Amino acid sequence: MRLRPRQKTFVERSIAALDAHGNTLGIAPTGAGKTIMLSAVTGEVIGDSAAKACVLAHRDELTDQNRGKFARVNPGLTTSVIDASAKSWAGQVIFAMVPTLARIGNLAAMPKLDLLVIDEAHHAVAESYRRIIDHVRAANPDARIFGVTATPNRGDRKGLREVFDNVADQVRLGELIASGHLVPPRTFVIDVGVQDKLRAVRKTLADFDMNEVAGIMDRAPVTEEVIHHWKDKASDRQTVVFCSTVAHAAHVTEAFNAADVPAALIHGDLTADTRKAILAAYAAGKIRVIVNVAVLIEGWDHPPTSCVVLLRPSSYKSTMIQMVGRGLRTIDPEEHPGVVKIDCIVLDFGTSSLIHGTLEQDADLDGKTETGEAPTKVCPACGADIPLACSECPLCGEVFECEEDLRSQEADDGTLSGFIMTEIDLLKRSSFAWIDLFGADDALMANGFNAWGGIFFLEGRWHAVGGAKGQSPRLLGIGERTVCLAQADDWLNEVETDESAFKTRGWLNQAATEKQLQYLPPAYRQNYGLTRYHASALMTFTFNKRAIRQLIMATTPDARRAA
């Protein structure tokens, strides 16, 4: 498989920082392909040497997920596992569960490591992680430490500076929205008469005092207004709600159910089986609204979720981004057939957007693809090297400047205005040459050696379709043009290799051959400007036209919407 151009930049910067500092942290939100980039960095560092690496994760599912994706990126490297059921150091790269590896007996058996990789690296300062890190460094002072996380700022405000002294790169959420790898949020800041009170809530070490927040938000008139606005703007959407306390969440759940909206509550005191059953019911569509306090902020995704309701403020911007990120995933039609998702509605009753600025304003959407060393600055509080664009230090949480108060931008209907989303031109950034098949900008295709991808406009929406040798064409996505283009381009990246991405090859612009023209309709035989590559794309479309049409038409009649 291949990496996206932005992923390649992340890998290059991470390796450069490891060479310069011996440690580094990379920041990448949901949708960036964090595990793919982590795997690529590990593979580059290990290379053809006898070096040994260990990838840490804190949950079984993450260990399995990381190992599976690593094998796709680095098929030539051997792997093994350290967890509750297996303890093998035989692989060049070992995937280890932190609770298991942190035990004294398992640490004693650890061989000398050259690279320690920490997934969800905001946990790196926890005691169990520190035992592992200290053991690795004691055995090999030259061992490199590489961490990746979506959320560097911890709730307990404990910085990561004791493990990492620099940040190699930060993929911003807005980049992924602009490139079509996440859907855009539509943010509504709604004042139900409590904004002034919420602004006066005191901050604790970890966040705002949620008991004090509950005293303001957990009132029947407020909850009634929340449900009224939700029904007005998002009643047909699967929704996740974030509350201040368990009692507050319980009252909100009761109110939704009383309004004939199927809702369920998730909180930390439920058994694992109960939580699993509730999430399964939500995933099956039996529950429209799922309410929680902090359980679903991290490590949970259900892509059809297309509304996020914030009934609490967040002192950390990263917490707000995590919560909103639960609704930004794009849809895979094979996993969620018939579901169409074009955006995510964010209903913010808790002033987080006013405190921190909208996600869109925090986004760097200029579409540039810098490579090599990232421009950096030094955090005045902890001395870390961090990306120049950071508005707060990812390692210690230092805020560099106050963000603009957005109240002046609030429109009469509560939606934030004054922002223009800039689309990153994937047609230029892609490693593949995309062809406008018929000159009408309603059918685009790209060919590789082993696969093809295309996007097609019909009845008001785009459809992404992909095919490969030995495989039937499959539907990749439905919705906005940018998202479908990203899904089709990712399909090509997954199937093709660097050798087969030939966007810059000279023969692409040579004239079509006589043999190619024989397979095309007569009209194309008079087109003396037709290139070999364009002819190849037209042939691919012709051979697969019936299957493409069947896939697209099958989505049209009764598609369920997530938008």
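This is a predicted model, so every value here is computed, not measured.
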Has the side chain of [X] got a donor or acceptor atom that lies under 3.5 Å from a matching backbone atom of [Y]?
X      : Y      : answer
His251 : Ala247 : yes
Glu175 : Arg172 : yes
Arg326 : Val308 : no
Thr274 : Leu270 : no
Asn74  : Ser39  : yes
Thr305 : Asp301 : no
Asp385 : Val378 : no
Asn23  : Asp165 : yes
His135 : Leu107 : yes

Given side chains that start at C-beta, do those of [X] and [Y] come closer than 4.5 Å, heavy atoms only?
X      : Y      : value
Ile118 : Phe164 : yes
Asp490 : Asn493 : yes
Ser179 : Thr482 : no
Arg67  : Val81  : yes
Ile190 : Asp348 : no
Arg137 : Ile145 : yes
Ile331 : Pro304 : yes

Is [X] salt-bridged to [Y], cutoff N-O under 4.0 Å?
X      : Y      : answer
Glu480 : Lys341 : no
Glu12  : Lys8   : no
Glu162 : Arg130 : yes
Asp489 : Arg4   : no
Asp142 : Lys112 : no
Arg237 : Asp343 : yes

For the [atom1] atom of [X] and the [atom2] atom of [Y], what is their distance to the nearest 0.5 Å?
X      : Y     : atom1 : atom2 : result
Arg144 : Thr42 : CZ    : OG1   : 11.5 Å
Ile94  : Lys52 : CD1   : NZ    : 4.5 Å
Thr35  : Asn66 : OG1   : CG    : 4.5 Å
Cys54  : Gln92 : SG    : CD    : 14.0 Å
Leu173 : Ile27 : CG    : CD1   : 12.5 Å
Arg161 : Leu25 : CZ    : CG    : 12.0 Å

Do you see a donor-acceptor pair shorter than 3.5 Å between the side chains of [X] and [Y]?
X      : Y      : value
Ser80  : Trp89  : no
Arg329 : Thr30  : no
Asp273 : Thr271 : no

Go through the steps for Val309 and Phe349 under the test side-chain contact (heavy atoms from CB on, under 4.5 Å), then give the verdict.
CA-CA 8 Å; Val309 179; Phe349 296 86; 3.9 Å; yes
Please determine whether side-chain contact (heavy atoms from CB on, under 4.5 Å) holds for the pair Leu176 and Val171, giving the CA-CA distance in whole Å, both sets of side-chain angles, and the decisive distance to 0.1 Å.
CA-CA 8 Å; Leu176 300 175; Val171 179; 4.1 Å; yes
Testing Leu101, Val117, Val136 for side chain to side chain contact (heavy atoms under 4.5 Å, CB included) with Leu56, which one passes?
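Answer to the side chain to side chain contact (heavy atoms under 4.5 Å, CB included) test with Leu56 among Leu101, Val117, Val136: Leu101.
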Trace of the side-chain hydrogen bond (donor to acceptor under 3.5 Å, both in side chains) decision for Arg288 with Thr239:
CA-CA 6 Å; Arg288 176 61 55 88; Thr239 299; over 6 Å; no
What is the ring orientation for Phe95 with Phe70, classed by angle as parallel under 30°, tilted 30 to 60°, or perpendicular over 60°?
perpendicular
For His302 and His336, take the angle between the two ring planes, folded into 0 to 90°, and tell me which bin it lands in: parallel under 30, tilted 30 to 60, perpendicular over 60.
perpendicular
Verdict with supporting geometry, Val241 and Val289, side-chain contact (heavy atoms from CB on, under 4.5 Å):
CA-CA 7 Å; Val241 180; Val289 175; 3.6 Å; yes
What verdict does the side-chain contact (heavy atoms from CB on, under 4.5 Å) test give for Ile290 and Leu279, after you've listed the backbone C-alpha separation in whole Å, the side-chain angles of each residue and the deciding distance to 0.1 Å?
CA-CA 8 Å; Ile290 191 160; Leu279 292 175; 3.5 Å; yes
Within a 6.0 Å radius of atom CD on Glu44, are there more than 12 heavy atoms belonging to other residues, nucleotides or ligands?
no
